[in-house]
Amino acid sequence: MAASNLPLDGDRLWADIMDLAALTEPDRPYTRRSFTPLFLQGRDLVAKRFAEAGLTVRIDAAGNMIGRLEGANPSLGVIAVGSHSDTVPAGGRFDGIAGLATALEVVRALRDQGVRLDHTIEVVDFLAEEPSEYGLSCIGSRGMAGVLEPSMLEMTEPGGETLRTALRRVGGDPDRLAEARRSDIKAFLELHIEQGIVLESQGLDVGIVTSLVGIRRMEIVFEGAADHAGTTPMHLRQDALVAGARTAASVRAIAEQLAGEGQGYFVATVGIFNVEPGASNIVPGRCRLVIDARSTNPVLSARFVEAIEQESAAHAAAVRVRRVPIATLSDSKPVICDETVRAAMHQGARDLGLNSTDLASGAGHDAGFMSRICKSAMVFVPCKGGKSHVPEEWSDREQIAAGAAVILQAVKALDKTLS
Ligand code: HGY
Ligand code: MN
Ligand code: MN
């Protein structure tokens with residue numbers, strides 16, 4: 001559908017996305033990691049756009065930036081729309097940002113049409129949706145859902161700063177996290193690029209998300225003995241990297257087996273693999289890996305954890321290194337998206353003459369944590385080649401505008417039906 005026929009300004013929406021994309025580490029596009037000065041620059045830009053759109057702007061105790069426009073009947077509570085402005089390292093311009101810009105455009109379009117909702121509307125830039133340097137993802141939406149636990153605040157980034165300190169740096173307040181938990185939000189809607197190939201390959205305009213996978217992130221550390229690479233005979237080595245590499249191979253093998261059983265979606269990845277001291281002529285004394293395992297079926301996840309426990313211990317013993325007890329960095333359960341919000345999204349697509357389909361999400365999103373406190377659902381738009389978390393990530397202006405219009409239609413409909 002041409003963006004010109006849509007009830008919002010697709011060019012204005014696109015400009016917000018491109019303006020944020022310009023705020024990247026120059027040598028590693030597109031990178032705007034949470035908690036960094038660049039991230040805060042991005043927030044300043046977004047806060048300005050929020051204010052220009054007539055929103056009052058605040059940072060809640062969990063570090064979320066929230067733009068708010070009171071409704072005609074504030075006692076009805078809040079309809080929230082949003083996503084995240086942080087990126088993965090060398091990621092794309094649309095993951096999170098397209099959803100945040102959409103939320104802002106919804107508010108502007110309502111204003112342009114002279115529509116004042118009965119519900120209050122809030123636009124939310126959730127803090128650190130991507131796995132942060134502290135090891136935790138969805139920090140802000142966990143906070144809004146009341147599950148950002150005190151123990152998580154003690155997680156540290158490689159330089160030793162705690163999440164507690166970092167949260168203060170971005171305007172949050174770790175001592176008042178209880179205030180971040182919301183009970184007045186009636187519905188949450190999020191637009192996101194699909195980060196997969198279904199919509200593009202089937203020529204579909206939007207996907208209405210049915211469920212989100214559960215995600216478990218585990219850290220495994222092997223401690224051996226650093227030694228001279230030239231003078232240490234093979235049988236005397238305690239090479240931590242060998243245990244780590246064999247464990248990474250086990251992750252792949254176990255995941256392929258579980259995925260092939262037809263008992264539900266299962267994937268697992270080793271995306272972080274550190275070796276110390278990290279010199280060509282030193283036998284590695286320490287190896288750290290982080291596993292990201294995802295499934296729609298908790299039984300498969302539990303079987304994966306059990307198998308990795310056993311195989312990583314065996315790999316450590318085989319090369320006489322110690323495996324530190326496996327640390328669970330995070331463990332989010334699978335989420336079923338709300339039927340009422342999904343129906344409003346499908347109806348919005350039909351009203352706009354767009355074709356929509358139901359679609360499960362293999363990616364995690366803030367909408368997952370928001371489902372703990374309100375009716376929550378998502379609209380996916382196609383992304384080129386299904387690629388995401390890479391600089392080539394792309395979605396067309398018209399595709400994003402169409403998805404944003406579905407969100408707009410759904411917000412207007414829910415404003416009437418939720419009350
Ligand atoms: O990793 C994810 O699933 C999301 O893109 N943060
Ligand atoms: Mn992402
Ligand atoms: Mn995202």
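Scope of the values below: all heavy atoms of this structure, side chains included, with no hydrogens, waters or symmetry mates. Counting begins at 1 with the first residue of the sequence. Start at 1 and go down the list; that is how both ligands and their atoms are numbered. What you see is a predicted model; the values in this text were computed from it and never measured.
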[X] and [Y] ion-paired at < 4.0 Å:
| X | Y | answer |
| --- | --- | --- |
| R58 | D60 | no |
| E200 | K384 | no |
| R108 | D16 | yes |

Below 2.8 Å, can you find an N, O or S atom of D366 next to the Mn ion (ligand 3)?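 So D366 does not bind the Mn ion (ligand 3) by this criterion.
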Using 2.8 Å as the threshold, say whether any N, O or S atom from H365 sits that close to the Mn ion (ligand 3).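 H365 does not place any N, O or S atom closer than 2.8 Å to the Mn ion (ligand 3).
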The Mn ion (ligand 2) is nearest to which N, O or S atom of E130?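 Of all N, O or S atoms belonging to E130, OE2 is the one nearest the Mn ion (ligand 2).
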Any chance the side chains of [X] and [Y] put a donor and an acceptor closer than 3.5 Å?
| X | Y | value |
| --- | --- | --- |
| E25 | T31 | no |
| H315 | S250 | yes |
| S312 | R323 | yes |

Measure D95 to ligand 1 on non-hydrogen atoms and call it side chain, backbone, both or neither using the 4.0 Å cut-off.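 Looking at D95 and ligand 1, just side chain atoms fall under 4.0 Å.
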Ligand 1 contact on H192 by region, counting heavy-atom pairs under 4.0 Å: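 For H192, no heavy atom sits under 4.0 Å from ligand 1.
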What protein heavy atom sits nearest atom 1 (O) of ligand 1, and how far off is it?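 Answer, as residue, atom name and distance: R294 NH2, 2.8 Å.
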Protein heavy-atom partner closest to atom 6 (N) of ligand 1 - residue, atom, separation in Å: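 Checking every protein heavy atom, the shortest distance to atom 6 (N) of ligand 1 gives E130 OE1, 2.8 Å.
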Element-labelled atoms of ligand 1 that are located less than 4.0 Å from some non-hydrogen atom of [X]:
| X | result |
| --- | --- |
| A363 | 3 (O) |
| H389 | 1 (O), 5 (O) |
| E129 | 4 (C), 6 (N) |
| Q195 | 5 (O) |

Any N/O pair G364/ligand 1 closer than 3.5 Å: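 N/O-N/O distance below 3.5 Å exists for this pair.
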For the aromatic rings, using the six-membered ring if either is Trp, is the centroid distance between [X] and [Y] under 6.0 Å?
| X | Y | answer |
| --- | --- | --- |
| F369 | F126 | no |
| F39 | H84 | no |
| W394 | Y30 | no |

Sub-4.0 Å heavy-atom contact, H365 with ligand 1: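 In this structure, H365 fails to qualify as a contact of ligand 1 - no heavy atom is under 4.0 Å.
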With a cut-off of 2.8 Å, does E129 put an N/O/S atom close enough to the Mn ion (ligand 2)?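 So E129 does not count as coordinating the Mn ion (ligand 2).
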Does atom CZ (R12) have a neighbourhood of more than 12 heavy atoms from anything else shown, all under 6.0 Å?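 More than 12 heavy atoms, drawn from other residues, nucleotides or ligands, come within 6.0 Å of this atom.
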Taking the Mn ion (ligand 3) as the vertex, measure the angle between atom NE2 in H192 and atom NE2 in H84; round to 10°.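 With the Mn ion (ligand 3) as the vertex, the angle is close to 110°.
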Proximal heteroatom of D95 relative to the Mn ion (ligand 3) (N/O/S):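 In D95, the heteroatom (N, O or S) nearest the Mn ion (ligand 3) is OD1.
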